[in-house]
Amino acid sequence: MKKTIKKVLCLVLAVALIASLAGCAKINYITNGTIKAINEVKSGDWKNGGANGGGEEGGEELTDDIKIDELTPGTYGGVAFNSLEDVAAFYKEAYDYTKTLTAEYIDDQGQTCTFYKLLGDEKMNIGDVIIDGSANAIVNKLVPGIVDSMFSPNTYGLVPCYNRNPDLDNNSEDEHKKADHDFRTTEVTADDILAANVTDNGDGTITLVIQPKMAEMSMRGDDSQGRFFEVLGDISGVVAGISAVSFTQGTAEDNVKVFYKGGTVTVKVDAKTKEIVEADYDMETTVQVTHASIAVIKDKSATLTISYINHYPASDEYLKSAKGITRK
């Protein structure tokens, strides 16, 4: 059984994880570890042991179910919210204003730097890994630990940006950004929102909870998920470029799917100034890889779930430990 676990674990790391994570600039630290796993399989280090037993082929039918309370029209903190259009408009106003705000920090070299006032932390959780329709308790215990060991936390402004310096948040020369998007503002509209609700906190702030509409193979800034979260983009091309991975049927584009659904955005906003004072962005992702082969491992399917969570503001302790910066 342990020999099988090694082969299955390698498959999960080399196919599912590199497929799901290598396309994302923030979490591409996984890539080196998974390529190492691929090379170990190719060298035959893990060639012993039988294949993991059966189960049905991966791939689930996903529906866009509402997971949060829906909007009760009314006035909250002096602001009227009668429709999702009102929620989207207020979110955009708050987001755009908050990203005009900067503050001074001291970096790890002792230099004074100007970054976004609202910086966040980040955390990633890997859910159950399903191989050929079956979960394996040992794999599910091992994978999160491997991912955690490779995780290098960073700090950024409000997603979907991945920079703390506002001057670099619309740099179209960066391969992960598009010239037709300026991530210092948001393009969110009511069409991106499946459900939302608003709460008056009674202290001059209101809290918006938004569930974006689901999307497949989401692109940053281009769709309902990509306008709220730091999504992975089209990762099929990344997988297609890995020579060690092949498919018994079709191409990478046919066999690698990334679905985003059920994630939520929670922002606490000063109702008067429109400044976001606290926020949580919880992106929920399901990755499906089918008909994958690596060396002696043939025609396998893998499914895993990923939660990528950004909380704002990051604590002083987090900023110091993650990037060595302190608020001035």
Side-chain angles (χ1 to χ4, degrees), residues 4-24 27-42 46 50-62 124-144 146-147 150 214-219 225 231-262 283-308:
T4 301
I5 290 301
K6 285 188 175 182
K7 294 179 79 173
V8 172
L9 178 57
C10 183
L11 173 72
V12 173
L13 290 174
V15 180
L17 286 181
I18 199 168
S20 63
L21 302 181
C24 180
I27 44 184
N28 61 10
Y29 46 80
I30 291 294
T31 305
N32 289 337
T34 53
I35 289 175
K36 179 181 178 182
I38 290 173
N39 290 333
E40 289 179 357
V41 171
K42 290 175 66 180
W46 291 356
N52 189 35
E56 296 179 356
E57 179 174 291
E60 59 177 302
E61 193 70 28
L62 297 178
M124 183 175 63
N125 297 320
I126 301 295
D128 285 347
V129 180
I130 308 297
I131 305 295
D132 285 350
S134 299
N136 187 296
I138 297 177
V139 172
N140 283 327
K141 287 181 180 179
L142 289 176
V143 171
I146 294 172
V147 172
M150 298 178 181
M214 70 176 291
E216 178 183 348
M217 209 66 89
S218 182
M219 300 295 290
Q225 295 281 322
V231 295
L232 307 177
D234 183 0
I235 64 173
S236 62
V238 175
V239 179
I242 303 172
S243 59
V245 180
S246 61
F247 298 93
T248 56
Q249 298 179 29
T251 64
E253 187 175 357
D254 300 320
N255 289 290
V256 180
K257 305 294 182 183
V258 184
F259 300 95
Y260 302 80
K261 66 181 292 287
M283 183 182 79
E284 301 294 330
T285 310
T286 299
V287 180
Q288 297 175 358
V289 181
T290 54
H291 301 300
S293 299
I294 302 177
V296 296
I297 306 172
K298 303 295 184 182
D299 198 19
K300 292 292 180 177
S301 299
T303 301
L304 76 158
T305 57
I306 303 169
S307 295
Y308 181 66

Looking at every heavy atom in both Asn255 and Gln249, which two are closest together, and how far apart are they? ND2-O, 2.6 Å
Which pair of heavy atoms, one from Phe247 and one from Thr290, lies closest together, and at what distance? CD2-O, 3.3 Å
What are the two closest heavy atoms between Met217 and Lys257, and how far apart are they? CE-CA, 4.2 Å
Go through the steps for Ile306 and Met124 under the test side-chain contact (heavy atoms from CB on, under 4.5 Å), then give the verdict. CA-CA 7 Å; Ile306 303 169; Met124 183 175 63; 3.9 Å; yes
To the nearest 0.5 Å, tell me how far Leu304 CG sits from Gln288 CD. 10.0 Å
Can you check whether Val231 reaches Met283 side chain to side chain, under 4.5 Å on heavy atoms? yes
Audit row: Tyr260, Met214, side-chain contact (heavy atoms from CB on, under 4.5 Å) steps and yes/no: CA-CA 5 Å; Tyr260 302 80; Met214 70 176 291; 5.9 Å; no
Asp299 to His291 - nearest heavy-atom pair and separation: OD1-ND1, 2.8 Å
